Trainee: 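First, the structure itself, so that you have it in front of you.
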2 protein chains.
Amino acid sequence: MSLCDSADPPRRRRKEARPQELTAAALELFTERGFAATRLEDIAARAGVSKGTLYLYFDSKEALFEAVIREGIIPAMNEGRTMLEEHQGSASELLRCLLLGWWELLGESPLGGVPKLMVSEAGNFPKVAAFYRENVIDPGRALLREALQRGMDQGEFRPVDVGMAVDVIFAPILMLAVWRYSIGPCCAEEERDPVRFLDTHFDLLIKGLRP
Amino acid sequence: MSLCDSADPPRRRRKEARPQELTAAALELFTERGFAATRLEDIAARAGVSKGTLYLYFDSKEALFEAVIREGIIPAMNEGRTMLEEHQGSASELLRCLLLGWWELLGESPLGGVPKLMVSEAGNFPKVAAFYRENVIDPGRALLREALQRGMDQGEFRPVDVGMAVDVIFAPILMLAVWRYSIGPCCAEEERDPVRFLDTHFDLLIKGLRP
DNA sequence: TACATTACTGACCGGTCAGTCAGTAATGTA
DNA sequence: TACATTACTGACTGACCGGTCAGTAATGTA
């Protein structure tokens with residue numbers, strides 16, 4: 001046994017970077033193991049700091065959880081909004097862009113774990129769940145609703161119950177993301193190709209919406 | 001303060017009934033709070049026994065979890081199988097029966113919480129997840145696949161990627177069940193009427209499958 | 001080089017909870 | 001009624017982990 005190998009790397013002071021690194025590590029572990037089963041020491045270790053450092057930036061485990069969710073909502077909502085406003089082509093294309101865009105930008109990134117995390121922990125953190133609903137779910141629904149409505153107004157889609165259809169349409173994509181962080185990893189399952197899955201979903205959907 | 005009110009009910013010896021009552025209580029609490037955040041004492045209390053009694057019937061918290069899942073798979077899989085074999089009408093009707101049947105028999109019962117529980121805890125219990133996949137997910141997929149295939153063979157449905165379509169089709173129903181035990185309760189949302197939701201899903205689906 | 005500031009560390013504390021077991025009382029048997 | 005069996009209880013224990021804080025070392029300043 002030598003005392004000099006794998007010596008801990010020298011301390012670094014990086015006040016700016018820490019919070020991001022900590023929430024990123026927390027997101028990974030919370031989605032993997034769940035909130036209660038994740039130890040703060042593991043989060044700190046993954047972020048390359050000690051547990052004490054974590055408490056310099058977050059008041060408590062719960063505050064860290066909140067930060068993870070708050071941070072997870074920022075990106076891409078505006079992306080979708082501008083896409084909606086600037087899009088020129090058919091409503092089908094718009095719908096496809098919105099759904100595929102979500103998958104590629106968020107679903108496939110670590111942020112794709114947020115829906116699973118929210119599903120698992122909503123009951124234990126009703127405040128955070130309400131926040132998430134207001135700032136993510138509802139705006140997302142509005143986006144899809146407008147796209148659907150546009151297609152119906154232009155006669156490209158037949159009339160449907162828009163409020164319900166929005167959730168029906170998004171469910172498969174959501175499940176795709178949730179799957180990734182739950183049953184998916186436990187079994188090989190290379191056959192579950194996301195692209196084929198989304199293509200099939202889209203094919204069924206567009207045909208189902210035709211007048 | 002009187003000492004005689006709310007006196008504990010007299011002890012009862014009910015060896016036969018305990019395991020069921022314990023797994024039922026455990027299912028409720030696990031789905032509500034998650035595995036790690038649920039205390040065995042709370043489960044025992046909800047089942048009307050002490051923590052010690054729990055250990056007469058289950059070796060550990062994990063064993064109890066396994067029992068909850070194992071028990072959750074028994075019902076209704078056979079129901080679906082016989083439905084498939086005996087059904088005479090159109091493939092659309094068969095599909096509707098299978099999907100609505102699942103919702104009414106399982107989704108709306110406490111067993112509807114099992115998917116959320118599995119999603120949340122699969123990562124921590126890969127063995128149980130594999131068991132669930134083998135005994136619930138795969139047979140369920142097979143059922144839907146056969147129904148779809150029948151419709152395609154009879155020319156009632158157009159050709160689609162069956163393996164993918166099965167998951168696409170079931171996703172909204174799964175989400176409906178998962179929702180109930182996660183974000184759902186945290187906000188009023190009486191507008192999310194399951195019947196309307198399923199009708200919309202089915203409407204889109206059948207139209208989407210037409211040749 | 002000496003000193004001040006502060007990001008960072010990790011040993012420690014106290015509460016919580018899975019799991020145990022000696023004791024209690026309900027039920028069966030004579 | 002006396003005795004045997006066993007389902008059931010709940011106080012207890014030890015490990016674990018969220019949260020603290022006195023101390024350390026990296027960085028800035030002169």
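Proteins come first, then strands; the chains are lettered A, B, ... in the order of their sequence lines, and each starts at number 1. Here the structure is a predicted model, which means the values were calculated and not measured.
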Trainee: With heavy-atom distances below 4.5 Å as the criterion, would you say the side chains of A:L209 and A:L148 are in contact?
Mentor: yes
Trainee: Can you tell me how far the OG1 atom of B:T23 sits from the CZ atom of B:F58, to the nearest 0.5 Å?
Mentor: 5.5 Å
Trainee: Do the side chains of B:R81 and B:E146 get close enough for a salt bridge, i.e. N-O under 4.0 angstrom?
Mentor: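 Result for this pair is yes, salt bridge flagged.
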Trainee: Taking 4.0 angstrom as the limit, do A:E21 and A:R18 come out as a salt bridge?
Mentor: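 A salt bridge is present here (some side-chain N lies under 4.0 Å from a carboxylate O).
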Trainee: If I take atom CZ in residue B:R18 and atom C1' in nucleotide D:dT9, what distance separates them, rounded to the nearest angstrom?
Mentor: 11 Å
Trainee: For the pair B:R145 and B:D167, find out whether any cationic side-chain nitrogen is under 4.0 Å from an anionic carboxylate oxygen.
Mentor: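 Looking at B:R145 and B:D167, the cut-off is not met.
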Trainee: So, are A:R141 and A:D138 salt-bridged, with charged N and O less than 4.0 Å apart?
Mentor: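 Looking at A:D138 together with A:R141, the answer is yes, because their closest N to O distance falls below 4.0 Å.
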Trainee: In the 5'-to-3' direction, what one-character label does each nucleotide of nucleotides 24-30 of chain D receive under the scheme B = base within less than 4.0 Å of a protein heavy atom, S = sugar-phosphate only, - = no such atom?
Mentor: BSBS---
Trainee: Starting at the 5' end of DNA chain D, what dot-bracket string do you get if Watson-Crick and G-U pairs under 3.5 Å are bracketed, crossing pairs use [ ], other-strand pairs use | and unpaired bases use dots?
Mentor: .|||||||||||||||||||||||||||||
Trainee: Contact between A:L144 and A:L95 at the side-chain level, heavy atoms closer than 4.5 Å - yes or no?
Mentor: yes
Trainee: Could you list by number each residue of residues 37-59 of chain B showing a heavy-atom separation from DNA chain C of less than 4.0 Å, or answer none if no residue does?
Mentor: B:T38, B:R39, B:L40, B:K51, B:Y55
Trainee: Looking at A:K51, A:R33, A:K61, which one forms a salt bridge (Lys or Arg N to Asp or Glu O under 4.0 Å) with A:D42?
Mentor: A:R33
Trainee: For the pair A:F125 and A:F35, name the ring-plane relationship: parallel under 30°, tilted 30 to 60°, perpendicular over 60°.
Mentor: perpendicular
Trainee: Given side chains that start at C-beta, do those of B:E108 and B:W103 come closer than 4.5 Å, heavy atoms only?
Mentor: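 Side chain of B:E108 against side chain of B:W103, heavy atoms only: contact under 4.5 Å found.
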Trainee: Check the distance between C:dC17's C1' and B:K61's NZ and give it to me in whole angstrom.
Mentor: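 One finds 8 Å between C1' of C:dC17 and NZ of B:K61, rounded.
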